[in-house]
Structure formats: structure tokens, C-alpha cells
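These figures come from a predicted structure and were not determined experimentally. Below, read A as the first sequence line, B as the second, and so on, with proteins coming before strands; counting in each chain starts at 1. FYI, side chains are in, hydrogens and waters are out, and symmetry mates aren't considered; it's all heavy atoms of this structure.
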Protein chains: 2
Amino acid sequence: MNRSSQREAILKALRSVKSHPTADEIYAMVHDSMPRLSLATVYRNLEQLVNAGMVTAIDGAGSRRFDGNAAPHHHKRCSVCGSVSDIFSEELHHLDNAIERLLPLLECSACSVEFSGICGKCRAAETPFYETVSVRTERGRVNTKNEEICYHE
Amino acid sequence: MNRSSQREAILKALRSVKSHPTADEIYAMVHDSMPRLSLATVYRNLEQLVNAGMVTAIDGAGSRRFDGNAAPHHHKRCSVCGSVSDIFSEELHHLDNAIERLLPLLECSACSVEFSGICGKCRAAETPFYETVSVRTERGRVNTKNEEICYHE
DNA sequence: ATAAAAGTGAAAATAATTCTTATTTTGTGT
DNA sequence: ACACAAAATAAGAATTATTTTCACTTTTAT
């Protein structure tokens, strides 16, 4: 892998945040100081960095996200805003060890674990959000519906 | 939720296979016997079925996949062909219990676990496949490269 | 200087959602 | 059973978002 100023800028940008940005978000970050940067370059380099083990890809609902933090940790995805935050917890070593022991039994080589819940920001937000809930129609039937929810009254 | 022949056909199709198809694949299955079916309808109904808890969504690399099997089980994603297969294993109850106990500690409401490895079909395949590996250039540098791999000779 | 690696920008491919209009489903009252 | 109205749903086209590909140019390491 030859060096390139683009790849270095991408890696630096990714390491400067804790937000696990998408390719597009990384593009926006680096594009400020590198206006000729192309989005295809961002995608290509992120793939290379993932293959080289310097960056972790986080797949799930929506776009792929990226993590430049090499320290072992877990992730929590917010079910409201979709953001991904880090979980550093001693408790999870046991979990990882248990999984590690299971892998050969299941003829697997890896396992990804992702927690989910509402992030602190969304829970504290003044602005309400929508969530699919079951509601009873006037006539007594049950529908699923996007209902406005807000943790502040 | 009112009944609709489309939704019933979608659910029936999904329950008839063990392959965890994408919305597009389900569309293709149902479209044979229901030519006027639209892809948007498939997406909408799958979302409804997921919200109603009758179907599980499997997110990860690539398109969202769907699972009509209500019995508790885990998934293994093939790192070669991307297919998702079921894992039914007693061993995993311990894992699930451990995770269940961790959730309140981590302020989370759920956790998704996905195993990965090479599926039986790909391991047994005569046809070789490509995988990104590190290779040494003639001049001594190390590059990542898509290399042909085959488990048969 | 040269060859491999990497970048650019546009286009294509994939994936998923939105919008408007038309149709279907279902509870209620004949 | 039958008609009605309201709610739910579907169709089909269009749009948006995401990711990859391609032909060419530039950069990097020897």
C-alpha cells in the first residue's frame, strides 16, 4: 500500500471523531481542506483501511459506518437517531470470551455484537420524535402507526 | 392492520424458505403468482410485518434480509457468498442470558448477534472465489490484493 | 525513468423510499 | 345479506440515497 495524502487525511479525520461517520460524512469532513477529493476515493480508501485492519466497518441498518478506534470496545446504536456510540465496559470481556469459545463449535470465524437503545442525546432532547407503535382505532381495530413521542412531557 | 392478499402472499413466501431473502428476492418469488405486485408494496409490508413482530429484519453488509421463522435462533453470514443461514444451538442460550443481564447495565434495550464464516456450500464449491489478502510485491512491498482461493486442491 | 498504486469525475448500478391516485377491507346500520 | 363511509392498502412512477465501476490522469517508490 503506497502512501497517499488522501488516505492520510481520511484516516486522520476518522480518528479525530468519536461519531463513527459514514463514507459520505467523512467525505464532507475532508473535502473542506482538500477540495479536489472525490467520493470514490473515500470509499476506496476506507475499504483498504478496513482490509488492512486499521479501521473497523460497522454494518447495520442504513449506511455502513466506520470506526478508527483500534482499542477493543463495543457499540450501541440509537434506535431513534441511528447514531452509533462506544461502549467500553469490563463486563463485556466475559461476553467476548464466551463467544470466542463458541466459534469453533459453530464453524464460525467471527461474531459481531451490536447493542441498541436510545442514546442520551435523544432521551434528553426537547424535540419529539416518531416511533412505530400499536394503536387502537376508534372502531376497535389495532393498527401500527407512527406516533409522536417525547421524553419531556 | 387490515388483511391484504399481498401481505399474506409475502408472509407465505417468506415462511416457505430458509434462505432469509432480500425484499427484492421476495418480490421475485411472489411476483410469479401475483404479476401486478409492486416492489414498493413488498417493502411496505415487510416493514409492517417487522413492526408487528411477525418477521425479523437482518441488517448487515449489503441489503436488509428478512426471516419469517419465529423460533428463537441465531444467524451465520457467509463471508464468501453473503448468504445467511440459521444456527439452532443449545449453547447459545447461555450467551443470550448473559446478554439479557447486561442490557440494563449498558442502558440498552436489545442486542443483535451475528456469526460469520464460510458456509458449507462455499467450502464445498468447485468454483474458486476471491478474498482480500496481503501479498508481497516483487520489489518487497506489501499490498492487499484480491486473490483466487479454492478449497479443492 | 519506470511501473505500480492511487486519484478524479462522471456514469452506472443498487437499494430503499416517497408521492398521487385508485382499490380493497372492514365496521356499522339498515 | 347489502350499502356506505372511513381507514387501510396497493400500484406505478419518480426520487433519493448509497455504493461501485470505468477511462483516464497523477502520484509514489524505486
Any chance you could lay out the side chain to side chain contact (heavy atoms under 4.5 Å, CB included) test for A:Asp59 and B:Asp59, step after step, and finish with the verdict? CA-CA 7 Å; A:Asp59 287 314; B:Asp59 288 313; over 6 Å; no
Walk me through whether A:Ile58 and A:Phe66 qualify under side chain to side chain contact (heavy atoms under 4.5 Å, CB included). CA-CA 6 Å; A:Ile58 307 170; A:Phe66 298 90; over 6 Å; no
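Residue contacts shown for B:Asn45 are limited to sugar-phosphate atoms, with no base heavy atom under 4.0 Å away.
Among residues two or more places apart in sequence or in another chain, the ring-ring contact (aromatic ring centres under 6.0 Å, His included) test is passed with B:Tyr43 by none. Looking at residues two or more places apart in sequence or on another chain, you find no salt bridge (Lys or Arg N to Asp or Glu O under 4.0 Å) involving B:Arg7. Qualifying ring-ring contact (aromatic ring centres under 6.0 Å, His included) partners for A:His74, counting only residues two or more places apart in sequence or in other chains: none. Annotation: side-chain contact (heavy atoms from CB on, under 4.5 Å) contacts of B:Ala9 (sequence neighbours excluded): B:Val30, B:Met34. For B:Tyr27, the ring-ring contact (aromatic ring centres under 6.0 Å, His included) partners at least two apart in sequence or on another chain are B:His31.
Listed by residue number, A:Ser63, A:Arg64 are the residues of residues 57-64 of chain A with a heavy-atom contact under 4.0 Å to DNA chain D. Shown for residues 3-14 of chain A: residues whose heavy atoms fall under 4.0 angstrom of DNA chain C, namely A:Ser4, A:Gln6, A:Arg7. Using a 4.0 Å cutoff on non-hydrogen atoms, the parts of residues 30-41 of chain A near DNA chain C are A:Arg36, A:Leu37, A:Ser38, A:Ala40, A:Thr41, ordered by number.
Note on residues 78-95 of chain B: no pairs pass salt bridge (charged side-chain N to carboxylate O under 4.0 Å, His left out), not counting sequence neighbours. Evaluation of the salt bridge (charged side-chain N to carboxylate O under 4.0 Å, His left out) test over residues 34-45 of chain B, restricted to residues two or more places apart or in two chains, returns none. Residue pairs meeting the salt bridge (charged side-chain N to carboxylate O under 4.0 Å, His left out) criterion with at least one member in residues 69-82 of chain B, sequence neighbours excluded: B:Arg77-B:Glu114.
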List the atom pairs, donor and acceptor, that lie under 3.5 Å between side-chain atoms in residues 100-111 of chain B and the rest of the protein, sequence neighbours left out.
from     : atom 1 : to       : atom 2 : distance (Å)
B:Ser109 : OG     : A:Ser116 : O      : 3.4

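Per the geometry, CG belonging to B:Asn2 stands 14 Å off C1' belonging to D:dA5, to the nearest Å. If you measure from atom CG of A:Leu46 to atom C1' of C:dG7, you get 14 Å, rounded to the nearest angstrom. Counting to the nearest Å, the P atom of C:dG7 and the CD atom of A:Glu47 are 13 Å from each other. Here D:dT19 presents its P atom at 15 Å from OH of A:Tyr27, a figure rounded to the nearest Å. Between the CZ atom of A:Arg44 and the C1' atom of D:dT21 there is a distance of 11 Å, given to the nearest Å. Across the protein-nucleic acid pair, A:Met1 atom CE and D:dA29 atom C1' stand 15 Å apart, rounded to whole Å.
For D:dT19, one of the phosphate oxygens OP1 or OP2 lies less than 4.0 angstrom from a side-chain nitrogen or oxygen of A:Tyr43.
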